[in-house]
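Indexing begins at 1, ligand by ligand and atom by atom, following the structure's order. Given the structure is predicted, the values throughout are model-derived calculations rather than measurements.
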Amino acid sequence: MYFVANWKMNPPTLAEAERLLKQVKAQLRIVRDGAEANIVICPPSIFFSKIAKSNNLIKFGVQNINWEERGSFTGETSILMAKDFGAEYCLVGHSERKIYFGENSLLANKKIKLCLEKGLTPIYCIGETLEEKQRGQTRKIIQEQLKVGLKDIGWMGMKHIIIAYEPIWAIGTQNGAGAANPDNVLEISILIRKILFDIYDQKTARKTIVLYGGSVTPKNVISYLQNNSSNGFLIGSASLNASDFVSIIKKSTIQKNVS
Ligand code: PEP
């Protein structure tokens, strides 16, 4: 199972980021024995060189890259820089990039291709807004995001892509109050696999890693595991608290071993 922490623009200082990572590592030591957990932390890129030291426990990813390798893009991070500092994963198309920076599926497609070319695993975030959901457009939106975002990527490339279903209305809500209903997550993950089947083949549809993201907490994580709807989680708010993040991993891996 995958557990991807998206720290977003947090914490505000390097000292706090180092402390958070130290706490996560310390608490993970107790969990990891025999647990099949792929843990990826995506810290702010300005902290990357100081804290992203991969080991067999934790890998690191960047939250965004530019669609070009180099050039005049003030304020941006290049994939070459990310790789140079040890990034192995990259979030692509996160809803906050769409909302605040106008990104779309076409741009996601460019970034995914660049990741594949340079050897980073893209974690492609897809999901509908509340208005789209209320208008009954979820299916159409997911279809567009997959068809355009994955355009010209063959089944070989799909082996190196992770999809994260993150309904925008479920992201960042307090106490998990707005988290998606597990049945809803199951329904959409089936839809995602169906679309992948249409674009590719049965094997790709079955094997592609599909995560759920949106207000996952230690309290609600079990509900998503019971119906086997996802291969792990993309975690925002709860990843900023070491105990919560590790508790999500612990509960998930125990549940998986039991089921
Ligand atoms: C996210 O932004 O990717 C996310 C899942 O955030 P949260 O867990 O806070 O909803």
Side-chain angles (χ1 to χ4, degrees), residues 1-12 16-17 20 24 37-45 47 59-65 87 89-103 105 108 111-112 115 121-130 132-133 138 141-142 145 149 161-182 184-186 188-189 192 209-225 229-252:
M1 290 198 91
Y2 277 79
F3 302 91
V4 182
N6 178 11
W7 285 4
K8 310 192 186 190
M9 205 168 68
N10 302 290
E16 287 167 271
L20 174 58
V24 169
N38 298 290
I39 299 159
V40 180
I41 293 183
C42 302
S45 39
F47 294 154
K59 307 293 177 203
F60 288 87
V62 281
Q63 297 172 15
N64 179 44
I65 44 139
Y89 294 82
C90 178
L91 299 182
V92 174
H94 189 278
S95 60
E96 285 150 17
R97 301 291 316 170
K98 292 188 184 116
I99 296 167
Y100 303 118
F101 303 96
E103 296 197 4
S105 311
K111 293 185 181 188
I112 291 171
C115 283
T121 301
I123 302 171
Y124 180 33
C125 305
I126 59 172
E128 79 284 10
T129 63
L130 184 60
E132 288 160 350
K133 179 179 160 68
T138 301
I141 296 296
I142 300 289
Q145 291 173 339
I161 295 178
I162 295 175
I163 306 282
Y165 171 55
E166 296 212 304
I168 297 171
W169 46 271
I171 291 180
T173 57
Q174 293 293 312
N175 308 319
N181 177 308
N184 192 208
V185 176
L186 177 63
I188 303 301
S189 63
I192 291 170
I209 293 162
V210 180
L211 312 181
Y212 166 67
S215 300
V216 174
T217 65
K219 270 194 190 147
N220 65 18
V221 68
I222 297 291
S223 64
Y224 297 109
L225 295 160
S229 57
S230 65
N231 305 115
F233 303 100
L234 177 47
I235 304 151
S237 318
S239 72
L240 294 171
N241 178 305
S243 313
D244 284 353
F245 183 56
V246 176
S247 165
I248 289 171
I249 298 170
K250 206 171 180 176
K251 288 187 174 183
S252 305

**Prompt:** Of all the atoms in ligand 1, which lie at a distance below 4.0 Å from a heavy atom belonging to Gly172?
**Reply:** 7 (P), 9 (O), 10 (O)
**Prompt:** Using a heavy-atom cut-off of under 4.0 Å, does the side chain or the backbone of Ile171 touch ligand 1, or both, or neither?
**Reply:** both
**Message:** Suppose we measure from atom 8 (O) of ligand 1 to each protein heavy atom; which comes out shortest, and what is that distance?
**Reply:** Gly236 N, 2.8 Å
**Asked** Can an N or O of Gly214 be found at a distance shorter than 3.5 Å from an N or O of ligand 1?
**Response** no
**Message:** Any atom of ligand 1 sitting under 4.0 Å from a heavy atom of Ala238?
**Reply:** no
**Message:** Taking ring pair (Phe, Tyr, Trp, His ring centres under 6.0 Å) as the definition, give me every residue that meets it alongside Tyr165, ordered by chain and number, with sequence neighbours left out.
**Reply:** none
**Request:** Report the distance from atom CD1 of Ile163 to atom CD1 of Ile123, rounding to the nearest 0.5 Å.
**Result:** 10.5 Å
**Asked** Considering only protein heavy atoms, which is closest to atom 5 (C) of ligand 1, and at what distance to one decimal place?
**Response** Glu166 OE2, 3.0 Å
**Message:** Can you give me the closest heavy-atom contact between Ile171 and Ser215, atom names plus distance?
**Reply:** C-OG, 4.1 Å
**Complete:** When distances are taken from atom 9 (O) of ligand 1, the protein heavy atom at minimum range is Ser237 OG, 2.6 Å
**Prompt:** Would you say ligand 1 has an N or O under 3.5 Å from any N or O of Ile235?
**Reply:** no
**Asked** When rounded to the nearest 0.5 angstrom, what is the spacing between CD1 in Ile126 and CD1 in Ile192?
**Response** 4.0 Å
**Prompt:** So which heavy atom in the protein is nearest atom 1 (C) of ligand 1, and how far is it from that ligand atom?
**Reply:** His94 NE2, 3.2 Å
**Prompt:** Nearest 0.5 Å, what's the NZ-CG distance between Lys111 and Leu91?
**Reply:** 10.5 Å
**Prompt:** Quick one: which ligand 1 atoms are inside 4.0 Å of a heavy atom on Asn6?
**Reply:** 2 (O), 3 (O)
**Asked** Would one find more than 12 heavy atoms of other residues, nucleotides or ligands at under 6.0 Å from atom NZ of Lys8?
**Response** yes
**N/O donor-acceptor pair under 3.5 Å between Tyr212 side chain and Ala180 backbone** = yes
**Element-labelled atoms of ligand 1 that are located less than 4.0 Å from some non-hydrogen atom of Leu234** = 3 (O), 5 (C)
**Distance-minimising heavy-atom pair for Val4 and Cys42** = CG1-SG, 4.0 Å
**Request:** Provide the number and element of each atom of ligand 1 under 4.0 Å from a heavy atom of Ser215.
**Result:** 7 (P), 8 (O), 10 (O)
**Complete:** for atom 2 (O) of ligand 1, nearest protein heavy atom and its distance come out as Lys8 NZ, 2.5 Å
**Request:** Report yes if the side chains of Thr138 and Ile141 come closer than 4.5 Å at any heavy-atom pair, otherwise no.
**Result:** no
